[in-house]
Amino acid sequence: MWKGNSPGGNQGVAMEEEMGGQGNWGLEDAPGLLAMASLPIMSTWSLPLVSSAFTLLLGALTSLFLWYCYYLGSQDLQALAAGSQAGGVSGGPGGCSEVGRPSPGSSGEPGEGPRTEGLVSRRLRAYARRYSWAGMGRVRRAAQGGPGPGGGPGVLGIQRPGLLFLPNLPSVPFVPRDAQRHDVELLESSFPAILRDFGAVSWDFSGTTPLPRGWSPPLAPGCYQLLLYQAGRCQPNNCRRCPGAYRALRGLRSFMSANSFGNAGFSVLLPGARLEGRCGPTNARVRCHLGLKIPLGCELVVGGEPQCWAEGHCLLVDDSFLHTVAHNGSPEDGPRVVFIVDLWHPNVAGAERQALDFVFAPDP
């Protein structure tokens with residue numbers, strides 16, 4: 001076989017000699033036959049041709065990669081422009097939450113969130129490149145969507161987070177205490193120490209004298225606050241002045257201490273003061289109110305449900321619902337004082353918390 005003058009003829013003779021004679025081959029010789037028979041075929045593919053094909057393929061892949069990088073870059077520029085118009089992630093305009101600086105996009109009006117949507121998406125992509133998209137389904141949908149389901153208002157129009165709506169979270173105005181049992185019990189057991197701290201930093205709240213050290217300008221007439229954490233940043237001077245409260249915060253398991261949505265501090269409401277309906281920036285948090293001094297006539301209405309504080313006890317509030325705070329007592333009753341801490345919503349998973357801490361990291 002294969003004894004002609006073809007290029008493979010000599011190889012055929014060599015194969016016959018190697019396999020032991022004139023066609024005396026058995027099944028055990030099949031692998032050798034196949035290997036040697038393929039040699040003439042493979043030799044027809046010259047190395048330059050293979051190299052040229054590989055170069056063309058590599059060039060096509062490189063061009064596709066460069067186009068994709070250009071596309072992402074243009075999207076990021078649009079996101080940065082949108083973010084600068086909105087005042088950034090943590091400094092946008094809008095209504096004030098009861099505790100903390102003006103919350104990002106927390107005006108409570110439908111449509112506030114999409115103005116920073118591009119910046120949130122950009123930061124989330126940066127997180128995924130550094131870590132992973134695993135477990136990011138809800139966060140990704142939240143970054144791409146508006147402030148509520150379908151980009152509009154939330155549950156029956158009374159849940160309208162101004163910046164981030166995390167889908168598929170149980171939504172109730174007042175969250176059961178058991179959802180954050182450890183942190184609730186720790187705060188309630190720290191009630192005497194926190195009340196003593198308030199006494200050490202309190203003043204007459206007359207408004208006729210300059211604000212004492214550590215107190216923030218009033219959010220509204222008759223509404224004062226002293227913050228230990230503001231938008232995820234520790235306030236060292238205030239923490240040193242309130243050691244009992246700071247010690248309690250350090251023991252909490254779900255405090256949003258590394259996130260611009262997280263605040264903690266004393267909130268004071270004078271008689272006659274009222275904070276009209278507003279919504280917080282996200283439904284990913286639960287706001288814990290520990291009653292310190294609760295006169296008669298104080299009221300908290302969240303999502304149309306009225307509640308009242310009790311001294312030494314905690315209320316867990318989803319402040320992404322429309323809520324109103326009022327002190328309808330007389331001047332002789334004195335101020336209403338609560339200690340407010342922002343906790344993670346119990347149904348936000350650990351991977352989601354890590355991603356949101358990255359996306360909404362406190363301003364440097």
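Nothing here was measured: the structure is a model prediction, and the numbers come from that model.
The main-chain N or O of E352 is never found under 3.5 Å from a side-chain atom of R138 such that the two would form a donor-acceptor pair. Side-chain N or O atoms of N237 include none that pairs as donor or acceptor with a backbone N or O of G214 at under 3.5 Å. Without hydrogens or angle criteria, S267 side chain to G265 main chain gives no donor-acceptor distance under 3.5 Å. No donor-acceptor pair under 3.5 Å is formed between the side chain of E311 and the backbone N or O of F191. The backbone N or O of L169 sits nowhere less than 3.5 Å from a side-chain atom of N347 that would complete a donor-acceptor pair. Panel note: side chain D197, backbone G244; a donor-acceptor pair is recorded below 3.5 Å. Side chain of T324 to backbone of V301: no donor-acceptor contact under 3.5 angstrom is found. The backbone N or O of G262 lies less than 3.5 Å from no partner atom in the side chain of R285, so there is not a single donor-acceptor pair. Side-chain atoms of H345 come within 3.5 Å of backbone atoms of P170 as a donor-acceptor pair (strictly under, hydrogens ignored). Side chain of W344 to backbone of R253: no donor-acceptor contact under 3.5 angstrom is found.
A heavy-atom distance below 4.5 Å is found between the side chains of N168 and R141. Within the 4.5 Å cutoff, the side chain of D183 has no heavy atoms near those of the C288 side chain. By the 4.5 Å heavy-atom criterion applied to side chains, V268 and W203 are not counted as neighbours. Proximity of T282 to L163: side-chain heavy atoms (C-beta onward) are nowhere separated by under 4.5 Å. At a threshold of 4.5 Å between non-hydrogen side-chain atoms, the residues W133 and L124 count as touching. A heavy-atom distance below 4.5 Å is not found between the side chains of C298 and L269.
Ring pair F255/Y229 is perpendicular by interplanar angle, where above 60° counts as perpendicular and below 30° as parallel. Ring pair F205/Y224 is tilted by interplanar angle, where 30° to 60° counts as tilted.
At a threshold of 4.0 Å, the pair R274-E276 counts as salt-bridged, since one of the basic side-chain nitrogens sits closer than that to a carboxylate oxygen. Note on R278 versus D319: no salt bridge recorded, every NZ/NE/NH1/NH2 to OD/OE distance being 4.0 Å or above.
To the nearest 0.5 Å, atoms SG (C308) and CD1 (I294) are separated by 6.5 Å.
Checking S260 against R233 by side-chain atom types alone, no donor-acceptor pair falls below 3.5 Å.
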